[in-house]
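A quick write-up on the structure given underneath.
Naming: A, B, ... by sequence-line order, numbering from 1 per chain.
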Number of protein chains: 2
Amino acid sequence: MTNGESATRIQVERRARILEAGLDVFAAEGFRGATVDGIARAAGLSKPNLLYYFPTKEAIYVALLGGLLDMWLDPLRALDPSGDPLTEMLAYIRRKLLLARDFPRESRLFAGEILRGAPEMGEMLSVDLRELVDARASVIARWMDAGCLARSDPHHLIFSIWALTQHYADFEVQVRAVLGRARDPWAEAEAELERHFRRVLKPDAPPAPQDRP
Amino acid sequence: MTNGESATRIQVERRARILEAGLDVFAAEGFRGATVDGIARAAGLSKPNLLYYFPTKEAIYVALLGGLLDMWLDPLRALDPSGDPLTEMLAYIRRKLLLARDFPRESRLFAGEILRGAPEMGEMLSVDLRELVDARASVIARWMDAGCLARSDPHHLIFSIWALTQHYADFEVQVRAVLGRARDPWAEAEAELERHFRRVLKPDAPPAPQDRP
DNA sequence: CGTCACTTTGACCAGACGGTCAAATCCAGA
DNA sequence: TCTGGATTTGACCGTCTGGTCAAAGTGACG
């Protein structure tokens with residue numbers, strides 16, 4: 001198997017294992033708190049061996065972040081401008097919540113990066129993220145203009161969706177501490193968020209002024 | 001000035017300076033990222049001198065957290081069970097948002113601690129925090145029963161308030177990246193949050209069935 | 001002025017950490 | 001079986017970090 005230009009089967013497998021381990025450790029300890037030794041141990045490799053696949057600790061971190069933003073924005077990207085507005089929005093909210101539920105490590109890694117001021121992500125945020133959000137915000141604005149959704153600022157509406165969904169992943173300890181052991185945060189969140197956003201999104205005055213003769 | 005039992009004027013002043021500096025550094029770099037030297041420099045002291053006032057780095061951190069939770073819960077504590085429900089809730093939301101706006105370092109410090117699983121705060125969360133939230137949640141539940149507020153789960157309603165208000169402080173870089181430089185996140189947030197929660201809180205059916213003869 | 005508790009500091013230490021390197025091991029293909 | 005690149009590793013290095021310590025400085029009060 002002469003290596004034409006890129007990865008050996010082992011390289012592919014090892015890199016994946018390292019990223020998986022890195023996600024675990026970075027999400028739990030943060031960038032500064034994570035140690036190369038710790039990641040290597042979690043990946044079942046020796047430290048020098050890990051450094052054979054990624055030159056630095058930072059390289060692992062940025063590799064993770066790179067793949068992350070895409071995944072994180074997928075639900076928003078999937079918002080269909082030609083669908084039914086309320087259905088589309090509620091589906092987006094649900095997708096986002098399930099993403100946070102099923103990938104809490106990714107959510108926390110992302111949150112940690114932003115909390116620290118996004119030193120490794122600044123560019124992505126103000127370019128890729130902003131473009132996508134602006135595009136979707138204008139779709140939402142159109143829906144509001146058409147009277148299909150209650151009027152509000154689309155950007156802040158999106159923020160509210162992010163804030164609420166990620167809260168359950170990023171602040172899970174707090175949520176659990178408050179709710180106690182008997183309750184199921186995620187199941188409740190799913191129901192409550194739908195109720196919450198139905199209220200927020202439902203247009204208040206039905207846009208039919210002349211059907212009461 | 002023989003020291004009867006507690007602090008010298010210098011001790012008071014130095015401890016305060018150290019906590020202030022610690023807040024700065026911990027909020028920006030996280031617990032692991034912060035260095036004793038860094039905090040000492042920010043406080044204008046030498047490292048051993050700082051360690052003369054606080055025995056360890058952790059001691060500074062927990063001292064900060066201790067004072068923090070109280071401050072952080074004040075707006076919720078101030079919720080008046082005998083006030084007008086909608087007014088009280090909107091006032092609470094506004095207080096919480098202004099707190100996040102005026103004390104973003106505190107907000108981020110808190111967020112970082114929770115993100116990491118609240119290793120130094122577990123107790124406080126599941127005791128003090130939980131008690132207060134349970135108490136206020138039952139007040140809110142009573143308001144809902146009386147038809148003064150739309151029905152929903154009070155705990156999750158509180159979560160939604162926390163999530164939305166703190167989002168603007170903790171994820172400020174992201175918010176700014178998306179909104180661009182021309183817009184003022186905090187001013188907009190104030191207006192949007194009021195609109196948002198008016199919708200969420202306003203009871204849907206006015207509880208007066210017999211005043212249309 | 002002398003005392004004594006309070007305060008400050010330079011020098012130092014042990015451990016942890018990110019990263020390097022040369023040597024060893026593995027393994028697919030000839 | 002031999003070969004050469006891919007892979008793995010133990011030993012090592014310089015730096016950083018949390019924390020210690022003995023000694024020096026400071027100032028209020030007798």
Side-chain angles (χ1 to χ4, degrees), chain A residues 1-65 112 116 119-120, chain B residues 1-65 109 112-113 116 119-120:
Chain A
M1 189 197 292
T2 56
N3 183 355
E5 52 100 19
S6 69
T8 307
R9 206 171 309 154
I10 286 191
Q11 280 172 3
V12 173
E13 194 266 346
R14 294 289 190 275
R15 275 175 202 269
R17 280 229 314 255
I18 292 170
L19 289 178
E20 166 67 23
L23 180 56
D24 240 33
V25 178
F26 282 130
E29 323 267 3
F31 179 74
R32 300 292 299 264
T35 74
V36 176
D37 257 314
I39 301 174
R41 207 175 315 124
L45 272 53
S46 68
K47 181 168 69 167
N49 197 12
L50 181 147
L51 268 331
Y52 172 72
Y53 291 103
F54 286 87
T56 64
K57 175 169 104 165
E58 204 185 357
I60 307 175
Y61 187 72
V62 302
L64 279 170
L65 285 183
R116 279 172 45 230
E120 317 273 359
Chain B
M1 189 196 293
T2 55
N3 184 357
E5 51 100 19
S6 69
T8 306
R9 207 172 306 154
I10 286 191
Q11 280 172 4
V12 173
E13 195 266 348
R14 296 288 191 274
R15 276 175 202 270
R17 275 216 334 239
I18 292 170
L19 288 178
E20 165 68 23
L23 179 57
D24 240 34
V25 178
F26 282 130
E29 324 267 2
F31 179 74
R32 299 293 298 263
T35 74
V36 177
D37 257 316
I39 300 173
R41 208 175 314 125
L45 299 168
S46 69
K47 181 167 70 165
N49 198 13
L50 180 147
L51 268 332
Y52 171 74
Y53 291 102
F54 286 87
T56 63
K57 174 169 106 166
E58 205 186 357
I60 307 174
Y61 187 71
V62 302
L64 279 170
L65 286 183
L109 183 64
E113 167 70 7
R116 279 172 46 230
E120 317 275 358

Any B:Leu109 side-chain heavy atom under 4.5 Å of B:Tyr61 side chain: yes

Tell me whether the OP1 or OP2 atom of D:dT7 has a side-chain N or O from A:Gln11 closer than 4.0 Å. yes

Would you kindly give the CZ-to-C1' distance between A:Arg41 and C:dA16, to the nearest whole Å? 12 Å

Would you tabulate the pairs of protein nitrogen or oxygen atoms and nucleotide nitrogen or oxygen atoms of nucleotides 22-26 of chain C closer than 3.5 angstrom?
none

What's the CG-P distance between B:Leu51 and D:dT20, to the nearest Å? 7 Å

Which ones in residues 15-34 of chain B lie close to DNA chain D, meaning a heavy atom under 4.0 Å from one of its atoms? B:Ala34

Nearest whole angstrom, please: distance from the C1' of C:dT20 to the CG of A:Asp37. 14 Å

With a cut-off of 3.5 Å and sequence neighbours excluded, list every side-chain donor-acceptor pair involving residues 15-35 of chain B.
unit_1	atom_1	unit_2	atom_2	d
B:Arg15	NH1	B:Tyr53	O	3.3
B:Arg17	NE	B:Ala43	O	3.1
B:Arg17	NH1	B:Glu13	OE2	3.0
B:Arg17	NH2	B:Ala43	O	3.1
B:Glu20	OE2	B:Arg105	NH1	2.9
B:Glu20	OE2	B:Arg105	NH2	3.4
B:Asp24	OD1	B:Arg105	NH1	2.5
B:Thr35	OG1	B:Gly38	N	2.8

Filtered N/O pairs between nucleotides 8-10 of chain C and protein, under 3.5 Å:
unit_1	atom_1	unit_2	atom_2	d
C:dT8	OP1	B:Arg14	NE	3.0
C:dT8	OP1	B:Arg14	NH2	2.6
C:dT8	OP2	B:Asn49	OD1	3.0
C:dT8	OP2	B:Asn49	ND2	3.2
C:dT8	OP2	B:Tyr53	OH	2.6
C:dT8	O5'	B:Asn49	ND2	3.1
C:dT9	OP2	B:Ser46	OG	3.2

Just one of B:Ile60, B:Thr56, B:Leu51 clears the side chain to side chain contact (heavy atoms under 4.5 Å, CB included) bar with B:Val36, so which one? B:Leu51

What is the distance from atom OG1 of A:Thr8 to atom CZ of A:Arg14, rounded to the nearest 0.5 Å? 10.5 Å

Partners meeting salt bridge (Lys or Arg N to Asp or Glu O under 4.0 Å) with B:Lys47 (sequence neighbours left out): B:Asp37

Partners of A:Pro119 by side chain to side chain contact (heavy atoms under 4.5 Å, CB included), sequence neighbours excluded? A:Glu113, A:Arg116

CZ of A:Arg41 to CG of A:Leu50, rounded to nearest 0.5 Å, is 11.5 Å

Check every atom of D:dG18, C:dG19, D:dT20 against the side chain of B:Thr35 and return the nucleotide holding the closest atom. D:dG18

